[in-house]
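This structure is a prediction, so every number in the text was calculated from the model and none was measured. One-based numbering, in listed order, for ligands and for the atoms of each. Numbering of residues begins at 1 and proceeds along the displayed sequence. For the numbers below, each heavy atom of this structure counts, side chains included, while hydrogens, waters and symmetry mates do not.
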Amino acid sequence: MNEILRVENITKAYGRQKVLEGVNLSINEGEIIGLVGPNGAGKTTLMKIITSLLKSYSGDVFIKDENIKTSKKKETKSVGCVIETPGFYPNLTGYENLLFFAEISGMRDKKEIDEIVKSLGIEDYVHRKVKQYSLGMKQRLGVAQAVLTYPPLLILDEPTNGLDPAIVPELRKFIKQLAKEKNTAVLISSHILSEIELMCDKVVFIQKGKIIKVESLNRDSGDATTVAFITSKIGALEVFFNERKLNCKVTDKDQIQCKINREDLENLVSSISKADIPLRSVYEVKDSLEKKYLDTMRSE
Ligand SMILES: Nc1ncnc2c1ncn2[C@@H]1O[C@H](COP(=O)(O)OP(=O)(O)OP(=O)(O)O)[C@@H](O)[C@H]1O
Ligand SMILES: [Mg+2]
């Protein structure tokens with residue numbers, strides 16, 4: 001796995017207030033990382049540092065092993081970003097704005113603009129003047145501009161802010177596709193945890209300027225899982241599990257939760273029914289990201 005972004009020991013203060021402290025982070029190509037945390041935690045500040053919008057900080061940011069403080073390459077080519085409201089020329093159309101950005105970033109093939117416009121589904125308004133755009137329309141044009149040159153790293157600060165819920169899945173699909181097909185590394189912040197959960201490989205929890213936890217959301221990782229078994233014969237099922245020395249707990253009048261290896265589940269269900277214990281339902285119990293978030297933030 002090629003590392004695209006490495007953040008080393010970033011500390012940033014505004015006056016006496018430390019807003020980031022000893023932040024370390026790494027993103028590989030094709031990886032989508034979610035950045036979550038309360039208002040004022042330092043998400044936007046970190047993203048501004050990574051995109052060189054903020055230049056005074058201690059620590060280092062490496063993009064493809066080049067320190068952005070000393071790199072002579074134009075970072076605009078290796079990082080695409082949408083941070084806060086994107087700035088466009090209001091009297092030009094969205095398309096003309098994209099053409100302009102494509103030109104200054106040295107993009108050769110204009111067909112790629114049409115491809116991006118199409119995949120973001122903005123073709124119905126891209127030829128109207130930007131001054132007539134709503135917040136959500138500007139936001140989507142902002143994403144188009146950020147990915148125009150298919151940069152290896154994409155930084156999105158609350159990209160779904162102001163978006164109509166019907167558009168959000170399309171944007172998610174677009175970002176996932178970029179990561180998969182173009183190997184783009186993506187850092188995305190959002191307060192909508194269900195969104196992060198559906199899109200990201202990993203979540204970074206940040207609170208008061210510090211990274212307090214990194215959690216992998218990879219669905220295939222780890223074999224152990226918690227499974228809920230619903231039955232009318234709760235006592236019999238408890239005995240069944242205890243006999244097999246399985247770690248289980250009665251969680252409701254008709255429910256037992258048991259920690260097992262995922263590959264053992266099919267055999268287990270079939271042995272339970274052979275033992276004449278009826279099962280009404282069997283499902284994997286997963287903590288939602290919202291629960292993990294609340295638990296993590298509370299424990300600090
Ligand atoms: N220009 C500035 N001058 C002084 N303090 C600032 C400045 N910009 C941000 N801060 C402070 O830095 C801290 C982190 O702000 P930041 O915008 O990074 O938070 P955030 O995690 O993005 O929050 P939100 O979820 O509300 O977007 C806050 O306490 C904020 O008040
Ligand atoms: Mg912010």
Side-chain angles (χ1 to χ4, degrees), residues 5-27 32-61 63 68-69 75 79-88 134-136 138-143 145-147 153-163 165 167-168 171-172 175 185-200 202-215 217 288-300:
L5 171 73
R6 187 167 76 255
V7 168
E8 280 183 5
N9 204 18
I10 293 283
T11 295
K12 164 82 189 165
Y14 283 113
R16 279 189 177 171
Q17 190 200 359
K18 267 196 182 160
V19 296
L20 291 174
E21 217 178 325
V23 170
N24 295 297
L25 185 69
S26 160
I27 311 186
I32 308 179
I33 308 268
L35 188 61
V36 303
N39 292 129
K43 302 179 295 295
T44 301
T45 307
L46 179 61
M47 289 177 151
K48 282 184 174 169
I49 289 173
I50 295 168
T51 50
S52 302
L53 291 168
L54 269 177
K55 294 201 164 70
S56 85
Y57 57 90
S58 70
D60 293 294
V61 176
I63 292 173
I68 61 169
K69 270 184 194 160
E75 290 99 28
V79 192
C81 68
V82 184
I83 296 182
E84 290 166 351
T85 327
F88 291 110
S134 68
L135 171 68
K138 266 191 222 154
Q139 197 82 356
R140 283 156 80 194
L141 186 64
V143 176
Q145 188 234 305
V147 301
L153 176 64
L154 184 62
I155 307 283
L156 302 170
D157 193 12
E158 301 191 43
T160 51
N161 190 12
L163 282 198
I167 301 299
V168 173
L171 183 64
R172 181 170 66 228
I175 293 167
V186 185
L187 180 66
I188 178 167
S189 78
S190 175
H191 290 285
I192 305 168
L193 298 176
S194 53
E195 224 14 84
I196 293 285
E197 196 162 21
L198 286 170
M199 190 161 22
C200 298
K202 252 190 233 165
V203 189
V204 171
F205 294 85
I206 183 168
Q207 189 176 42
K208 294 181 188 149
K210 289 184 188 164
I211 291 183
I212 54 172
K213 194 175 179 188
V214 178
E215 172 114 15
L217 292 182
S288 67
L289 184 59
E290 184 172 62
K291 180 166 186 312
K292 286 179 192 152
Y293 178 89
L294 294 173
D295 291 347
T296 306
M297 295 305 168
R298 264 192 217 119
S299 65
E300 285 300 308

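Of the residues listed (Leu193, Ile196, Asp295), the one engaging Glu290 in a side-chain contact (heavy atoms from CB on, under 4.5 Å) is Leu193, and it is the only one. None of Ile188, Ile33, Leu187 except one satisfies the side-chain contact (heavy atoms from CB on, under 4.5 Å) rule with Cys200; the exception is Ile188.
Residues Gln139 and Glu158 approach most closely at NE2-O, 3.2 Å, considering heavy atoms.
Within the 3.5 Å criterion, the main-chain N or O of Val82 finds no donor-acceptor partner in the side chain of Asp157. Of the possible donor and acceptor atoms, none in the side chain of Lys18 sits under 3.5 Å from a partner among the backbone N and O of Gly209.
For the pair Ile68/Val79, no side-chain contact is recorded, criterion being any heavy-atom separation below 4.5 Å from C-beta on. In this structure, Asn161 and His191 have side chains that are not in contact, with every pair of non-hydrogen atoms separated by 4.5 Å or more. Using a 4.5 Å heavy-atom threshold, the side chains of Leu5 and Ile63 count as touching.
Around the Mg ion (ligand 2), protein N, O or S atoms at less than 2.8 Å comprise Thr44 OG1.
Protein residues with a heavy atom closer than 4.0 Å to ligand 1 are Tyr14, Gln17, Val19, Pro38, Asn39, Gly40, Ala41, Gly42, Lys43, Thr44, Thr45, Glu158, His191, listed by chain and number.
A donor atom on one side chain and an acceptor atom on the other are not found under 3.5 Å apart for Lys69 and Ser52.
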